[in-house]
Amino acid sequence: MQRFSVPSPSSYRLNPITSMATRSGSLIWFRKGLRVHDNPALEFASKGSEIMYPVFVIDPHYMESDPSAFSPGSSRAGVNRIRFLLESLKDLDSSLKKLGSRLLVLKGEPGEVLFRCLQEWKVKRLCFEYDTDPYYQALDVQVKDYASSTGVEVFSPVSHTLFNPADIIEKNGGKPPLSYQSFLKIAGEPSCAKSELVMSYFSLPPIGDVGNLGISEVPSLEELGYRDDEQADWTPFRGGESEALKRLTKSISDKAWVANFEKPKGDPSAFLKPATTVMSPYLKFGCISSRYFYQCLQNIYKDVKKHTSPPVSLLGQLLWREFFYTTAFGTPNFDKMKGNRICKQIPWNEDHAMLAAWRDGKTGYPWIDAIMVQLLKWGWMHHLARHCVACFLTRGDLFIHWEQGRDVFERLLIDSDWAINNGNWMWLSCSSFFYQYNRIYSPISFGKKYDPDGKYIRHFLPVLKVYI
DNA sequence: GTCAAGTTGGTATA
DNA sequence: TATACCAACTTGAC
């Protein structure tokens with residue numbers, strides 16, 4: 001069980017630093033974790049290093065425009081998420097510049113680019129946040145092998161999540177808990193509950209000689225091959241750590257709201273002022289630290305007489321994220337029906353025309369179509385709205401494979417997260433975690449309940465304005 | 001074997 | 001407007 005033996009961040013700190021006399025400096029490789037605050041990889045890279053190379057690698061497959069895709073974007077991501085990522089990188093670059101550093105942007109296949117950097121710059125340390133997604137699990141093995149074979153010390157702390165999923169799986173006897181309540185019991189309190197987080201710096205080490213590796217500034221959308229008129233109604237959510245911290249501060253400024261938050265009671269049709277914090281895209285890219293978010297919530301809970309609890313509370317939402325990260329990490333083929341031991345095997349229908357109608361917001365059910373248009377235009381919709389369209393596509397109405405709905409969400413959501421997206425699609429299709437298939441979200445009455453005047457539907461389906 | 005499980009719709013009742 | 005309750009379901013945890 002090699003993949004579960006990941007040391008905790010604290011044990012890394014105790015390791016002696018083994019530097020080679022001929023090497024100097026460190027390289028911090030940003031992937032997620034696009035922030036300065038509470039970033040242990042950045043902290044370790046900057047400590048005791050005279051020079052530091054902050055690197056982000058643009059993978060053209062992920063970032064560059066693919067005109068053959070079903071919506072504007074790259075082959076793997078919608079343009080809303082690409083833009084969110086670019087904004088996050090610009091903000092990170094600007095924060096680093098204020099501290100005497102900058103973001104070095106390189107283009108190419110990430111592993112190959114990184115090997116070239118390590119060769120050229122002869123750093124003694126490579127630091128990057130540990131990542132449980134299969135893409136990084138595979139890539140990071142190669143990178144770690146390469147680094148250790150060339151005498152580079154690797155520091156890869158767990159800081160994207162509150163818990164190390166491997167720890168929880170180990171505590172549970174080698175398998176992830178499959179119910180939320182048992183997850184809570186096993187997980188207990190995260191270590192960040194009592195630790196102090198490094199939130200800011202006076203300065204960071206300067207960058208060294210970058211050689212001839214094709215370093216650039218953070219590119220614009222146009223430079224990646226997108227036309228600026230490609231999407232008229234952009235997502236209203238701006239990327240970046242600064243925006244994330246502002247949004248968090250504002251979201252939790254109303255202590256009574258935080259204390260009384262109950263996710264199921266939110267209004268999925270509220271779009272001018274969403275019923276939730278909309279912190280998910282910032283958590284996805286690590287523009288905000290989940291551990292800082294956790295501490296902010298605990299400080300508020302301490303100050304109020306009573307507050308809601310998981311699973312429905314705001315803290316409960318952070319823990320849902322941990323739950324899915326843990327089950328995803330401990331389940332082979334988590335993103336597939338076949339070969340996935342926790343997924344019910346269901347003979348789903350093949351229907352490309354219906355799938356396309358669902359995807360493009362053309363089912364004829366205004367409530368369903370408005371939600372899908374919000375997804376296309378904004379890359380975000382309320383959690384319950386996601387439930388409605390996922391139920392509709394799978395067990396509720398069309399009986400189409402959850403993997404096909406998952407693909408559409410994965411591409412279009414600005415907060416698209418591998419573990420959470422796959423977990424929720426299995427949940428909604430009654431393939432795993434939840435099995436009460438007789439509980440169906442009505443594509444008509446559910447919308448009427450929350451949007452009786454059709455304000456939401458009219459906003460995202462303006463063609464209906466004349467009728468309702 | 002028993003119990004509990006975040007997030008349904010519809011109806012009855014206060 | 002809010003709440004209670006029923007119908008009819010499977011599975012994980014213990």
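Numbers restart at 1 for each chain; the letters A, B, ... are given by sequence-line order, proteins then strands. These numbers come from a predicted model, not from an experiment.
Contacts between residues 430-452 of chain A and DNA chain C, defined by a heavy-atom separation below 4.0 Å, involve A:Y435, A:Q436, A:Y437, A:N438, listed by number.
For DNA chain C, the stems formed by at least three consecutive Watson-Crick or G-U pairs, with both atom-pair distances below 3.5 Å, span B:1-5 with C:10-14, B:8-14 with C:1-7.
At least one side-chain heavy atom of A:V79 sits under 4.5 Å from a side-chain heavy atom of A:W234.
Taking atom CG on A:L319 and atom C1' on B:dG6, their separation rounds to 13 Å, with Å as the unit. Distance, A:H383 NE2 to B:dG6 P: 12 Å, rounded to whole Å. Atom OH in A:Y180 sits about 15 Å away from atom P in C:dA13, given to the nearest Å. The nearest whole Å value for the distance from the CH2 atom in A:W367 to the P atom in B:dT8 is 14 Å. A straight line from CG of A:N172 to C1' of C:dC14 spans 12 Å, rounded to a whole angstrom. Counting to the nearest Å, the P atom of B:dA5 and the CG atom of A:L428 are 19 Å from each other. Counting to the nearest Å, the C1' atom of B:dG6 and the CG atom of A:L184 are 11 Å from each other. The interatomic distance linking A:L178 (CG) with B:dG6 (P) rounds to 13 Å, in whole Å.
Cation-pi geometry between A:R31 and A:Y135 is not satisfied (NZ or CZ under 6.0 Å from the ring centre, within 45° of the ring normal).
Using modelled atom types and a 3.5 Å distance limit, the side chains of A:N80 and A:T235 yield no donor-acceptor pair.
Between A:W367 and A:Y450, the ring center distance fails the sub-6.0 Å criterion. Taking the six-membered ring where the residue is Trp, the centroids of A:Y282 and A:F293 are separated by 6.0 Å or more. You'll find the ring centres of A:Y136 and A:F128 outside the 6.0 Å limit. The aromatic ring centroids of A:Y180 and A:F324 lie 6.0 Å or more from each other. The aromatic ring centroids of A:H160 and A:Y325 lie less than 6.0 Å from each other.
Contact between the side-chain N/O atoms of A:K185 and the OP1/OP2 oxygens of C:dA13 is not found at any separation under 4.0 Å. The phosphate of C:dA13 (OP1 or OP2) has a side-chain N or O of A:S182 nearer than 4.0 angstrom. The phosphate of C:dC14 has neither OP1 nor OP2 within less than 4.0 Å of any side-chain N or O from A:Q181.
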(message) I'd like to compare against my own output: the B/S/- annotation of nucleotides 1-6 of chain C with a strict under-4.0 Å heavy-atom distance to protein.
(response) ------
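Spacing between B:dA5 and C:dA8 at atom P, rounded to whole Å, works out to 22 Å. Across C:dC14 and B:dG6, the matching P atoms stand 13 Å from one another, rounded to whole Å. Taking atom C1' in both C:dG12 and B:dT8, the straight-line distance is 22 Å, to the nearest Å.
Looking at heavy-atom distances under 4.0 Å, A:P177 makes contact with sugar-phosphate atoms alone, never a base. A:L384 comes within contact range of at least one nucleobase, with a heavy-atom separation under 4.0 Å.
Checking each of A:S289, A:S290, A:S200 against A:D38 for a side chain to side chain donor-acceptor pair (under 3.5 Å) leaves exactly one that passes, namely A:S289.
Ion pair A:E403/A:K338 not flagged as a salt bridge, since none of the NZ, NE, NH1 or NH2 atoms sits closer than 4.0 Å to an Asp/Glu carboxylate oxygen.
Ring geometry for A:F392 against A:Y365 counts as perpendicular: the plane angle is over 60°, on a 0 to 90° scale with 30° as the lower cut.
Separation of atoms CD (A:E241) and SG (A:C287) is listed at 7.5 Å; rounding is to 0.5 Å.
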